[in-house]
Structures are given as structure tokens and as C-alpha cells.
Amino acid sequence: MLTLDLPAEPYWLDLPRGVRVEIRPVTTAVMAAAQAAAARRLAAIRIADPDLDPDMSRGLSFAFLVKALARHAVTAWQGVGDSAGKPLPLSPEAVERLMDLDDIAAAFWDRATAPVAAVAAEGNG
């Protein structure tokens, strides 16, 4: 039996380097919006560079997807500051800059999508 044990309210994720982000649940709508945004960005690059290396294309595709998911899901954060150490206000641009850090992006992806992956795995059992 499939147990729908997905979060219904925003919740906090602990990320590397003392960063915490509050995210809204990763629903079908949130993921579809992220996928559409990532696809548009990659398409624009492919138009500008039709000979884009396939490995770079895959890397950009994932990077754009993580950034788009973060832009759509992150509602608050802690532990993110500017160069002077002052807390940085949350903004879509700042969220994208945070996701440029590989360890942060990888942890965010794994932890944000974990509830959906767990339900999918249970359904395949």
C-alpha cells in the first residue's frame, strides 16, 4: 500500500556550512514550474551555442533545475550573509547564487526531493 506521507506545510532543511532553508513542499506544480524554467534557460543557451558540449549541457540542465526549484520552493533562510557577514535578505537572485555552491546545491536537491523520492520508492516496492 502506498502511504502518502508528504509534508503539507513549509519545513526547514539543514544544509552544509550552517545554512538552513525553509521550503514549501515539492509538489507536482512546484517541480513542473522548476522544470519549465530550467528548460527555457537551457534552450536559450543551445540557441546561442548550437555546438554546446553534451556534458556541459547536462551539467547546465541540472544546475538550472536546482536553481529553479530553489527559487520556487525556498521561503526563508538562515545562515546566509554578505561579504561583511551581515545577514543577506532572501531574493530570487540570492537563492540562485547560493545554489551556485556545489555542496549546497547537491544537499538541497537531495533533501528537498527526498520526501517525494521516498513515496515513489514505496510505490515501486
Side-chain angles (χ1 to χ4, degrees):
M1 172 189 311
L2 177 67
T3 305
L4 288 178
D5 190 21
L6 297 171
E9 299 295 325
Y11 59 97
W12 287 91
L13 300 176
D14 292 322
L15 301 177
R17 306 186 200 201
V19 172
R20 295 183 77 220
V21 294
E22 182 186 54
I23 67 167
R24 63 179 42 95
V26 179
T27 62
T28 301
V30 172
M31 186 57 82
Q35 290 170 335
R40 281 192 306 274
R41 287 178 79 172
L42 186 58
I45 289 176
R46 284 185 174 148
I47 289 169
D49 183 3
D51 297 323
L52 183 65
D53 176 76
D55 290 334
M56 181 57 77
S57 180
R58 280 187 289 281
L60 288 170
S61 179
F62 182 68
F64 292 156
L65 181 57
V66 171
K67 288 179 178 188
L69 180 59
R71 285 181 75 132
H72 285 87
V74 173
T75 58
W77 65 10
Q78 298 172 346
V80 181
D82 63 17
S83 59
K86 182 178 168 187
L88 193 64
L90 181 68
S91 71
E93 297 77 21
V95 168
E96 283 209 6
R97 287 198 332 260
L98 180 65
M99 293 301 136
D100 279 332
L101 302 171
D102 186 58
D103 60 332
I104 298 283
F108 172 78
W109 179 263
D110 289 346
R111 293 170 190 161
T113 61
V116 176
V119 168
E122 181 180 331
N124 290 331

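Being a predicted model, the structure only gives us computed values, none of them experimental.
Leu15 pairs in a side-chain contact (heavy atoms from CB on, under 4.5 Å) with only one of the listed residues (Asp110, Leu101, Ile104), which is Ile104.
The minimum heavy-atom distance linking Pro89 with Ala94 is given by the pair O-CB, 4.1 Å. In terms of heavy-atom proximity, Leu52 sits nearest to Met56 at CD1-CG, 3.9 Å.
Between Thr113 and Leu69 there is a side-chain heavy-atom pair separated by less than 4.5 Å.
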Pairs of donor and acceptor atoms involving the side chains of residues 70-80, under 3.5 Å and at least two apart or interchain, shall be tabulated with distances.
| from | atom 1 | to | atom 2 | distance (Å) |
| --- | --- | --- | --- | --- |
| Arg71 | NH1 | Glu96 | OE2 | 2.9 |
| His72 | ND1 | Ala68 | O | 2.8 |
| Thr75 | OG1 | Glu22 | O | 3.3 |
| Thr75 | OG1 | Glu22 | OE1 | 2.8 |
| Trp77 | NE1 | Leu88 | O | 2.8 |
| Gln78 | OE1 | Arg20 | NH1 | 3.1 |

N/O donor to acceptor pairs below 3.5 angstrom from side-chain atoms of residues 57-65, sequence neighbours left out:
| from | atom 1 | to | atom 2 | distance (Å) |
| --- | --- | --- | --- | --- |
| Ser57 | OG | Arg46 | NE | 3.4 |
| Ser57 | OG | Arg46 | NH2 | 2.6 |
| Arg58 | NH2 | Asp55 | OD1 | 2.4 |

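Among pairs with a residue in residues 23-37, none fulfils side-chain hydrogen bond (donor to acceptor under 3.5 Å, both in side chains), at least two apart in sequence or across chains. Within the structure, the ring pair (Phe, Tyr, Trp, His ring centres under 6.0 Å) test picks out no pair touching residues 21-61 (sequence neighbours left out). Listed by first then second residue, pairs satisfying salt bridge (charged side-chain N to carboxylate O under 4.0 Å, His left out) with a partner in residues 81-94 number zero, not counting sequence neighbours. Applying the ring pair (Phe, Tyr, Trp, His ring centres under 6.0 Å) test to residues at least two apart or on different chains, none of the pairs has a partner in residues 13-53.
For Asp100, the salt bridge (Lys or Arg N to Asp or Glu O under 4.0 Å) partners are Lys67, not counting sequence neighbours. In this view, Asp49 satisfies the side-chain hydrogen bond (donor to acceptor under 3.5 Å, both in side chains) rule with no residue, not counting sequence neighbours. Scanning for side-chain hydrogen bond (donor to acceptor under 3.5 Å, both in side chains) contacts around Arg17 gives Asp103, with sequence neighbours left out. A search for side-chain contact (heavy atoms from CB on, under 4.5 Å) contacts involving Pro7 returns Tyr11, Pro25, Pro115, not counting sequence neighbours.
Linking ILVMFWY side-chain heavy atoms closer than 4.5 Å, directly or via other members, places Met31 and Leu42 in two distinct hydrophobic clusters. In the hydrophobic clustering of this structure, Ile45 does not group with Val66; members are Ile, Leu, Val, Met, Phe, Trp, Tyr whose side-chain heavy atoms approach within less than 4.5 Å, directly or through other members.
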Pair Phe108, Ile23 - check side-chain contact (heavy atoms from CB on, under 4.5 Å), show working. CA-CA 10 Å; Phe108 172 78; Ile23 67 167; 3.8 Å; yes
